[in-house]
Amino acid sequence: MHAIEGMVQRLVRNVAGVRDAKALIENFDDGLSVRVRATVGPETPISELSGTIQEAVQTQVQRVVGIAVSRVRVEIDHISPESRRGRVE
């Protein structure tokens, strides 16, 4: 399952607005359960982002691994401040 977790983490980190992500995969009789914990920027619309992540994970895991994803749970772990740039004086 570590390979699938790594694939999901890379996929989610490439979604606009996501700064970092961790994934946990569990295998059940009805398919895989994926839990994603993400850090996002303050400008990110969280409900829209959650739907985007859920759809992307279900589609990609099914396509690459060939196993159905029965559920994707997205948890926003942290909203990070915008990256700071050096001060100009």
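With sequence neighbours left out, the side-chain hydrogen bond (donor to acceptor under 3.5 Å, both in side chains) criterion links E48 to no other residue. D29 is linked by a salt bridge (charged side-chain N to carboxylate O under 4.0 Å, His left out) to nothing, counting only residues two or more places apart in sequence or in another chain.
Put simply, the side chain of S70 gets close to the backbone of L32: a donor and an acceptor are under 3.5 Å apart. Put simply, the side chain of R37 never gets that close to the backbone of L24: no donor and acceptor are under 3.5 Å apart.
Taking each heavy atom of V69 and Q58 in turn, the nearest pair found is O-NE2, 3.5 Å. Counting all heavy atoms, side chain and backbone alike, Q9 lies closest to A23 at OE1-N, 3.1 Å. Across all their heavy atoms, A21 and V12 have their closest contact at CB-CG1, 3.5 Å. For the pair P42 and I79, the tightest heavy-atom approach, listed with the atom from each and the gap, is CA-CG2, 3.7 Å. Residues L11 and A56 approach most closely at CD2-O, 3.6 Å, considering heavy atoms.
When each of L49, T39, I76 is checked for a side chain to side chain contact (heavy atoms under 4.5 Å, CB included) with T44, only L49 meets the rule.
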Pair V72-V61, side chain to side chain contact (heavy atoms under 4.5 Å, CB included): steps then yes or no = CA-CA 11 Å; V72 178; V61 170; over 6 Å; no

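Residue-environment remark: CD (Q62) exceeds the threshold of 12 foreign heavy atoms within 6.0 Å.
Here salt bridge (Lys or Arg N to Asp or Glu O under 4.0 Å) pairs that include residues 5-17, with residues two or more places apart or in two chains, are R13-D20.
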